[in-house]
Enquirer: 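Mind having a look at this structure? Questions to follow.
We're numbering straight along the sequence, starting at 1. Whatever order the structure lists ligands and atoms in, that order sets their numbers, starting from 1. Bear in mind that the values here come from a model prediction, so they are computed numbers and not experimental data.
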Amino acid sequence: MPELPEVETVVRQLDERLKGQKITAMTIFYPKMVKTDNTIFSESIIGQKISGVERFGKYILICLENKKVIRIHLRMEGKFYIVDTLVDESLEKHTHIIFHLDDGKYIKYHDVRKFGTMECIDYHDNWHTESKFATLGYEPWEKLCTPAFIFGRLQKSITPIKTFLLSQKTLVGLGNIYVDEVLFRAKIHPAQIAATLKESDAKMIKKQSEIVLRKAITLGGTTIRTYHNTFGIDGLFQNELQVHLQKGKGCPICGTEIIKEKLAGRGTYYCPSCQTIK
Ligand SMILES: [Zn+2]
């Protein structure tokens with residue numbers, strides 16, 4: 001499943017290739033993935049120039065000159081391909097939408113699991129004010145994401161810190177891989193109850209989230225299991241993982257064996273010596 005750094009990588013690639021292009025036509029093979037009425041969706045998009053591609057949380061936002069935005073969530077397996085020619089796409093069962101561009105190229109949306117979604121929404125200067133994004137918190141580098149803000153939220157939560165971070169309601173951007181890495185670097189046990197953490201822990205969570213996510217973005221994300229990035233570019237952050245998927249290996253700090261437990265329904269990796277419940 002793509003997490004924030006992988007989505008950011010896709011967004012940067014799409015922005016570079018699509019900015020200034022006009023969408024001249026569109027073919028929808030799987031109408032159910034488009035959450036906007038298909039006729040309204042087509043009318044809002046066809047003939048429009050792409051002004052840029054942005055990201056909010058794990059959403060991809062293809063912004064159009066008419067201030068409409070195609071909002072996409074890749075979910076488990078969604079991918080984009082930009083191609084020069086089309087084969088008989090109706091025979092390609094995993095291609096669900098094709099956008100035709102005025103330079104003669106095509107953007108294909110491909111999704112084996114069909115969980116991804118697409119819809120047309122209005123542009124917002126501040127995406128935090130968009131109703132569907134209202135439940136999301138801040139990315140660690142956003143101005144309002146201060147240690148005091150995080151600490152205030154921690155104090156009100158009696159869930160394990162891993163569950164707290166996975167919820168995206170306070171801090172946006174940490175999925176299962178990056179949560180494990182951040183908690184290891186912050187020396188916090190994933191099952192520690194959020195409200196029992198100190199202000200210094202909130203500071204470390206913010207700091208390490210920023211470091212881990214920035215590094216992952218620089219490396220193009222993490223390539224594990226089945227998710228490979230769009231355009232055939234594989235991320236390299238898997239080489240930087242210190243605990244995630246490292247069960248049985250020695251902790252890079254103290255040498256203790258990394259363990260894996262199920263927490264919040266997710267495989268959770270940590271060092272039992274560096275990350276103790278306080
Ligand atoms: Zn350790």
Enquirer: Check the side chains of E142 and H128 for a donor-acceptor pair under 3.5 angstrom, ignoring hydrogens and angles.
Expert: yes

Enquirer: Is it true that the NZ or CZ of K108 lies under 6.0 Å from the centre of F80's six-membered ring and within 45 degrees of the ring axis?
Expert: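 Verdict for F80: no cation-pi partner in K108.
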
Enquirer: Which residues pass the ring-ring contact (aromatic ring centres under 6.0 Å, His included) test with H124, not counting sequence neighbours?
Expert: W127

Enquirer: For residues 160-167, dump all side-chain donor-acceptor pairs below 3.5 Å to protein atoms at least two apart in sequence or in another chain.
Expert:
residue : atom : partner : partner atom : Å
K162    : NZ   : N176    : OD1          : 2.5
K162    : NZ   : D180    : OD1          : 2.9
K162    : NZ   : T268    : OG1          : 2.9
S167    : OG   : F164    : O            : 2.8
S167    : OG   : K169    : N            : 3.2

Enquirer: What protein N, O or S atoms come within a distance below 2.8 Å of the Zn ion (ligand 1), ordered by chain and number?
Expert: C251 SG, C254 SG, C271 SG, C274 SG

Enquirer: Looking at F56, is R71 sitting on its ring face, NZ or CZ under 6.0 Å from the six-membered ring centre and within 45 degrees of the normal?
Expert: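 No; the conditions do not both hold, so R71 does not lie above the ring face of F56.
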
Enquirer: Show me the donor-acceptor pairs, under 3.5 Å and distance only, between side chains in residues 186-198 and residues at least two apart or in other chains.
Expert:
residue : atom : partner : partner atom : Å
H189    : ND1  : A191    : N            : 2.9
H189    : NE2  : Y270    : OH           : 3.4
Q192    : OE1  : K278    : N            : 2.8
Q192    : NE2  : T196    : OG1          : 2.8
Q192    : NE2  : K278    : O            : 3.0
T196    : OG1  : I193    : O            : 2.6

